[in-house]
Amino acid sequence: MTWGTLLHFRRSATAAAASMLVLGGLASTAHADSTAPSSPAVKKTAFQPAAANASSELHSCKTTGANGYVGVYNFHPPQNRVKIQLSVKDTLADGKSVGVRVLTKARNGAFKAWAWHTASGGQGTWPYWNTYVDATSDRGINFIGVQVARFVGHNVVNSCKSWH
């Protein structure tokens with residue numbers, strides 16, 4: 001799975017793949033937040049289900065006003081550095097910001113909730129970030145999850161989590 005594959009999947013999920021993802025509005029058009037970090041060009045390729053590409057994962061969840069995901073590329077636990085894509089969609093015109101962050105857990109049980117990636121562009125915005133997470137212990141990263149939330153200022157109003 002490539003960055004382009006994740007982006008293509010995000011925008012045009014098939015019926016079979018959509019059952020793996022709890023995001024609303026998957027058929028939305030282009031990236032609505034022009035302030036998001038730059039990312040590689042979108043390569044139009046078909047999404048490969050998890051069975052066909054077991055080293056890639058997609059974790060998503062939906063809460064009132066927001067839904068999002070973390071896409072993981074080439075994941076073979078335990079791993080010290082993992083390439084990921086995060087995305088969050090604001091689904092309510094309520095003036096609240098939305099955010100997404102990756103969650104990791106090492107074999108020794110060490111848990112880390114990474115920094116929030118937030119969007120305040122309003123309903124319908126759907127920014128994404130391509131980045132990496134590094135292990136916080138010598139045991140590597142064994143599990144990856146996602147947390148999606150809605151905010152008033154820096155305070156979480158509501159959120160959801162999803163783990164593999």
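Along the sequence shown, the residues carry numbers beginning at 1.
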Problem set entry | Same cluster (ILVMFWY, side-chain, under 4.5 Å), V88 and V157 |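 V88 does not cluster with V157.
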Return the [atom1] to [atom2] distance between [X] and [Y], rounded to the nearest 0.5 Å.
{"X": "Q123", "Y": "K89", "atom1": "CD", "atom2": "NZ", "answer": "8.5 Å"}
{"X": "N74", "Y": "E57", "atom1": "CG", "atom2": "CD", "answer": "11.0 Å"}
{"X": "Y69", "Y": "Y128", "atom1": "OH", "atom2": "OH", "answer": "8.5 Å"}
{"X": "N142", "Y": "K105", "atom1": "CG", "atom2": "NZ", "answer": "10.0 Å"}
{"X": "T118", "Y": "W129", "atom1": "OG1", "atom2": "CH2", "answer": "6.5 Å"}

Problem set entry | Worked check of side-chain contact (heavy atoms from CB on, under 4.5 Å) between K161 and L103 | CA-CA 9 Å; K161 293 179 186 175; L103 309 171; 4.1 Å; yes
For this session: Mind running side chain to side chain donor-acceptor pair (under 3.5 Å) on N130 and Q85 for me, showing each step along the way?
Result: CA-CA 4 Å; N130 293 326; Q85 181 180 81; 2.8 Å; yes
For this session: Could you go through the side-chain contact (heavy atoms from CB on, under 4.5 Å) check for V156 and F151 one step at a time?
Result: CA-CA 5 Å; V156 173; F151 296 88; 3.5 Å; yes
For this session: Begin with the C-alpha distance, continue with both residues' side-chain angles, and end with the deciding distance and a verdict on side chain to side chain donor-acceptor pair (under 3.5 Å) for N158 and T63.
Result: CA-CA 7 Å; N158 53 287; T63 188; 2.7 Å; yes
Exercise. Checking side-chain contact (heavy atoms from CB on, under 4.5 Å) for the pair W116/Q147: CA distance, chi angles, key distance, verdict?
Worked result: CA-CA 9 Å; W116 288 103; Q147 184 175 11; 3.6 Å; yes
For residues [X] and [Y], report the shortest heavy-atom separation together with the two atoms involved.
{"X": "F143", "Y": "F75", "answer": "N-CZ, 4.3 Å"}
{"X": "N80", "Y": "I141", "answer": "O-CD1, 4.5 Å"}
{"X": "V148", "Y": "A66", "answer": "CG1-CB, 3.8 Å"}
{"X": "P127", "Y": "A119", "answer": "CG-CB, 3.5 Å"}
{"X": "R101", "Y": "A115", "answer": "CB-O, 3.4 Å"}
{"X": "C61", "Y": "S162", "answer": "CB-CB, 4.2 Å"}

Problem set entry | Contact list for residues 140-160, test salt bridge (charged side-chain N to carboxylate O under 4.0 Å, His left out), sequence neighbours left out | D94-R150
For this session: Kindly determine whether N67 and T91 satisfy side-chain contact (heavy atoms from CB on, under 4.5 Å), including the steps that lead there.
Result: CA-CA 7 Å; N67 52 38; T91 61; 3.8 Å; yes
For this session: With sequence neighbours excluded, tell me which residues meet side-chain hydrogen bond (donor to acceptor under 3.5 Å, both in side chains) with T104.
Result: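 Scan of T104 (side-chain hydrogen bond (donor to acceptor under 3.5 Å, both in side chains), adjacent residues dropped) gives W114.
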